[in-house]
Amino acid sequence: MESSDVELDFQRSVQAVLRELNTPKPALQSNQGMWRWSLHKKVERNPGKSSILVRILLRELEKAESEDGRRVIIPLLLTLMSVLTKATGIPEDLYHRAYTFCTRLLTLPAPYSTVALDCAIRLKTETAVPGTLYQRTVIAEQNLISELYPYQERVFLFVDPELVSASVCSALLLEIQAAQEQQTPEACMRHVVSHALQAALGEACHTGALNRKLQASSRRVLEYYFHAVVAAIEQVASEDSPSRLGHLEKMEEIYCSLLGPATTRRRCVGDLLQDRLPSIPLPSPYITFHLWTDQEQLWKELVLFLRPRSQLRLSADLDALDLQGFRLDQDLARVSTDSGIERDLPLGSDELPDPSSSEMERAALQRKGGIKKRVWPPDFFMPGSWDGPPGLHRRTGRPSGDGELLPGVSRVHTARVLILGDDRMLGRLAQAYYRLRKRETKKFCLTPRLSLQLYYIPVLAPQVTGQDPEASRKPELGELASFLGRVDPWYESTVNTLCPAILKLAEMPPYLDTSRTVDPFILDVITYYVRMGTQPIYFQLYKVKIFTSLSHDPTEDIFLTELKVKIQDSKSPKEGSSPRRRGAAEGTGAELSMCYQKALLSHRPREVTVSLRATGLVLKAIPAGDTEVSGFFHCTSPNAASATDCSCLHVSVTEVVKSSNLAGRSFTTSTNTFRTSSIQVQSQDQRLLTLWLDKDGRRTFRDVVRFEASPCPEPCSRTQKSKTSALNSHGQETEKNMAKPNSLLMPINTFSGIIQ
């Protein structure tokens, strides 16, 4: 195909992607998400034309910038970065042009400036040392051992077998296994060596002879040249001012050593014709498939990721588990077992040193030797999220969360937890996330070592033939996915369109022949999402205290999207219930007493107490319409969220209204809505309540007389919970509380975060 025909084909595909983004509801919804995938497949089949697509994408980006078409900037920029990561032979002027464009975007508000900064940092490294992004991606995702780049990643795919059908689970598992059977460590090392040499040498690289030599090499030879290439790239990339010429010299030396001087000399003279540039695939990440059946399963898998099964045995008591090698000297302090302070007499019990001596001065106030106990540094608090400092999410091209929370402990592991399901599955994730955070306050072993990234792909039940789609599909189970699609158009076009494809894959007969190379659409989209989805949206978790008796301690639980309340038909026992008022049982519903903090724009506390008769109420944490999608309700920064208390519950109460006329008394219902940050509800008569959390029938609480819902606080350790004693001006001892903990926010990664 001629270059002009290829350029025209690429241009049509890019325009189709842009039309899909700018059309709220495209006519052919079954083809949504296919244009981007087909565009990447065209480049993979013809990698020598990658520079043509790069020019087209840059031209469209500059056009969007001049016309203020911000809606398409982030999708085009992420598509450009995906192409540049895989491609070789891109002219240096295109790298500089892309880098200059990203620097101009830094003047725009978030999320454009955040995504642009991330891309600019990676582009700067790739421009100086071509092939860096590809090499680091393969090493981290395939868990290849390298001392110079020790980062490792893993994708954990969790599916609830009670919510997702067995056919869907089997189809996904077969597609993942079929792709990963071809991704052996030897094949990945061959890809890294071949890509690095082609990216550095360009047309001077004899690709045919190189690939034949790598295919014929043994595992030991492959490892030798793999480590040589990694060392050459990482040493140059770590320099303050990396030299592209020096990098080229090192790669030429490796190339000559691998093929021999005879082959390279014939190539330079031009005896061989230029062979077609072969496609070097970028392997999909290493994905593990899990059926979520155990409450502690997520925590166990993360621990096993840090310490393989061969080196770690899970104890029956999970709290007894600790990671080896974590006890650091800076984490140990001496705690005295007596009253506190004594004079140390080093010269003996009967001899006293001279009062003016240095020994006496040092021994003036000395704490006795005590037991060792792990304590946190005085200025240390549990981080608000697992993904490192807010605002920078993939620094210097390394996995997000790179850095040290504690001295000497590096976060070189990244766990990408991908959830498939509906809002009920996200409710289970919220419970597991809260337990993780709470466990870390007692045994601080995962947070310093692990960067945790959360991803979500909605999978809803299929429509039933002959029924109303609104009734059969249960769209209310996909409220959070709809919210993510409204605030991030690229998420809507790329991820929310996967559900029909997954259901269609489950209906197809299994393809058991793994010898042929196939194009797994679903796996490719998952790979694109976990690589490019680096901008989290933080969701407030809510804690609910449930009382089945006012004389007993409450049961506590967590919900993320919804708390639904219905009135039970049965009545509660007389003992322990509030006195019935006359006429309270007349009509339907129950008499409820509600006390809530009204959500105001000024954030001033305003408590409202009301008593009314109602048949039920619903507490929703996800905005229902576009007018409510703003930073006031869901923030893209955990610090901003805690500072402004930007989340609130949307409460809908179905109130019973009594009216009297000539025909007698009648009862009608009306729905009242309000916003609150916390609420307390108690039944005033003998009618009991039933609670459903996150639309999950397995999380039902019956015979409830009272419940309290409020933002879930960030779990804090005993050290942070401790109170200090102090003396006031009257000499009385008073207690000084620590600062109020921030609210617990759960991040879910998207492509851009919230676009206003």
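In this chain, residues are counted from 1 in sequence order.
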How many angstroms lie between OG in Ser13 and CE in Met34, if you round to the nearest 0.5 Å?
-> 11.5 Å

Heavy atoms, side chains only, cut-off 4.5 Å: are Ile748 and Tyr455 in contact?
-> no

Show your reasoning for whether salt bridge (charged side-chain N to carboxylate O under 4.0 Å, His left out) applies to Glu44 and Lys41.
-> CA-CA 5 Å; Glu44 289 183 6; Lys41 286 301 171 184; 3.2 Å; yes

Check whether the ring centres of Phe156 and Phe289 lie less than 6.0 Å apart, and answer yes or no.
-> no

Within 6.0 angstrom of Lys86 NZ, more than 12 heavy atoms from elsewhere = yes

Compare every heavy atom of Ser284 with every heavy atom of Arg531, then report the nearest pair and how far apart it is.
-> NH2-CA, 3.9 Å

Before accepting this row, confirm whether a basic side-chain N of the pair Lys250/Glu253 lies closer than 4.0 Å to the acidic partner's carboxylate O.
-> no

Just checking, any donor-acceptor pair under 3.5 angstrom between side chains of Asn749 and Thr534?
-> no

Is there a donor-acceptor pair under 3.5 Å between the side chain of Asn22 and the backbone N or O of Leu18?
-> yes

Indicate yes or no: at least one non-hydrogen side-chain atom of Val221 is less than 4.5 angstrom from one of Ser218.
-> yes

Scanning both residues in full, the closest heavy-atom pair of Val155 with Pro285 reads CG2-CB, 3.9 Å

Hey, are Arg97 and Asp93 close enough for a salt bridge, meaning a charged N less than 4.0 Å from a carboxylate O?
-> no

Could you tell me whether the side chain of Asp422 and the main chain of Pro458 form a donor-acceptor pair under 3.5 Å?
-> no

For the pair Trp292 and Asp160, evaluate side-chain hydrogen bond (donor to acceptor under 3.5 Å, both in side chains) and give the outcome as yes or no after the intermediate values.
-> CA-CA 5 Å; Trp292 201 331; Asp160 191 334; over 6 Å; no

Stepwise salt bridge (charged side-chain N to carboxylate O under 4.0 Å, His left out) test for Glu301 and Arg154 = CA-CA 11 Å; Glu301 295 297 336; Arg154 184 173 298 176; over 6 Å; no

For residues 50-60, please give each side-chain donor-acceptor pair under 3.5 Å, one per line with the distance, not counting sequence neighbours.
unit_1 : atom_1 : unit_2 : atom_2 : d
Ser50  : OG     : Pro47  : O      : 2.8
Arg59  : NH2    : Gln11  : OE1    : 3.3
Glu60  : OE2    : Gln11  : NE2    : 3.1
Glu60  : OE2    : Gln15  : NE2    : 2.9

For the pair Asn496 (side chain) and Ser493 (backbone), establish whether a donor and an acceptor sit closer than 3.5 Å, ignoring hydrogens and angles.
-> no

For side-chain hydrogen bond (donor to acceptor under 3.5 Å, both in side chains), just list the numbers for Tyr225 and Ser257, CA-CA rounded to whole Å, side-chain angles, deciding distance to a tenth of an Å, and then say yes or no.
-> CA-CA 9 Å; Tyr225 284 103; Ser257 174; 3.1 Å; yes

Are the side chain of Arg190 and the backbone N or O of Leu222 linked by a donor-acceptor pair below 3.5 Å?
-> no

Working for side-chain contact (heavy atoms from CB on, under 4.5 Å), residues Val193 and Met189 = CA-CA 6 Å; Val193 175; Met189 286 190 288; 5.5 Å; no

Kindly give the heavy-atom pair with the smallest separation between Asp488 and Phe751, and that separation in Å.
-> OD2-N, 2.9 Å

Distance only, no hydrogens: is a donor on one side chain within 3.5 Å (strictly under) of an acceptor on the other, for Tyr151 and Arg136?
-> no

Set of ring pair (Phe, Tyr, Trp, His ring centres under 6.0 Å) partners for His40, sequence neighbours left out | Tyr528

For Val129 and Pro242, the nearest pair of non-hydrogen atoms, with its separation, is CG2-CB, 4.3 Å

With distance as the sole test, does Ser167 use its side chain to make a donor-acceptor pair with the main-chain N or O of Ala506 at under 3.5 Å?
-> no

Can a salt bridge be assigned to the pair Glu65 and Arg104 using a cut-off of 4.0 Å between side-chain N and carboxylate O?
-> yes

Hey, could you give me the OG1/CZ distance between Thr750 and Phe483, rounded to the nearest 0.5 Å?
-> 9.5 Å

Do Glu20 and Arg36 sit within salt-bridge range, that is, some charged N less than 4.0 Å from a carboxylate O?
-> no

Check the pair Cys102, Leu77 against side-chain contact (heavy atoms from CB on, under 4.5 Å), reporting the backbone distance first and the verdict last.
-> CA-CA 9 Å; Cys102 291; Leu77 191 57; 3.9 Å; yes

Applying salt bridge (Lys or Arg N to Asp or Glu O under 4.0 Å) to Lys42 and not counting sequence neighbours gives Asp9

So do Ile419 and Val417 actually touch side chain to side chain, heavy atoms under 4.5 Å?
-> yes

Side-chain contact test, heavy atoms from C-beta onward, threshold under 4.5 Å: evaluate it for Leu454 versus Leu452 and give yes or no.
-> yes

Check for a donor-acceptor pair, side chain of Ser238 on one end and backbone N or O of Glu234 on the other, with a separation under 3.5 Å.
-> yes

Spell out, as yes or no, whether a donor-acceptor pair under 3.5 Å connects the side chain of Tyr491 to the backbone of Tyr529.
-> no

If you draw a 6.0 Å radius around CD in Glu239, do more than 12 non-hydrogen atoms from other residues or ligands fall strictly inside?
-> yes

Output for pair (Tyr134 OH, Leu84 CG), nearest 0.5 Å, gives 15.0 Å

Could you verify whether a donor N or O on one side chain and an acceptor N or O on the other, from Gln198 and Ser194, lie under 3.5 Å apart?
-> yes

Here the pair of heavy atoms bringing Ile254 nearest to Ala228 is CD1-O, 3.6 Å

Could you walk me through whether Leu214 and Leu210 pass the side-chain contact (heavy atoms from CB on, under 4.5 Å) check?
-> CA-CA 6 Å; Leu214 292 174; Leu210 175 62; 4.1 Å; yes

Closest approach of Val115 to Gln535 (non-hydrogen atoms, all atoms of both residues) = CG2-CG, 3.8 Å

Using a strict cut-off of less than 4.0 Å between a Lys/Arg side-chain nitrogen and an Asp/Glu carboxylate oxygen, indicate whether Lys49 and Glu7 qualify as a salt bridge.
-> no

Can you find a heavy atom in the side chain of Ile537 that is under 4.5 Å from one in the side chain of Pro747?
-> no

Check for a donor-acceptor pair, side chain of Gln152 on one end and backbone N or O of Gln142 on the other, with a separation under 3.5 Å.
-> no

Answer yes or no: is there a donor N or O on one side and an acceptor on the other, between the side chain of Glu126 and the main chain of Thr85, under 3.5 Å?
-> no

Hey, does Leu258 have a side-chain heavy atom less than 4.5 Å from the side chain of Leu197?
-> yes

Kindly indicate whether the side chain of Ile139, heavy atoms from C-beta on, has any atom under 4.5 Å from the side chain of Phe226.
-> yes

Check: Ser217/Tyr224 side-chain N/O donor and acceptor closer than 3.5 Å = no

Say whether, by atom type as modelled, one donor and one acceptor occur between the side chain of Thr137 and the main chain of Leu133 under 3.5 angstrom.
-> yes

Stepwise side-chain contact (heavy atoms from CB on, under 4.5 Å) test for Phe158 and Leu420 = CA-CA 6 Å; Phe158 280 92; Leu420 262 68; over 6 Å; no

Ile74 side, atom CD1; Thr114 side, atom OG1 - distance, nearest 0.5 Å | 8.5 Å

Tyr112 side chain reached by Leu106 side chain, heavy atoms, under 4.5 Å = no

What do you reckon, is CZ of Arg219 surrounded by more than 12 foreign heavy atoms closer than 6.0 Å?
-> yes

Atom pair CG/CG of Leu460 and Leu503 - distance to nearest 0.5 Å | 8.0 Å

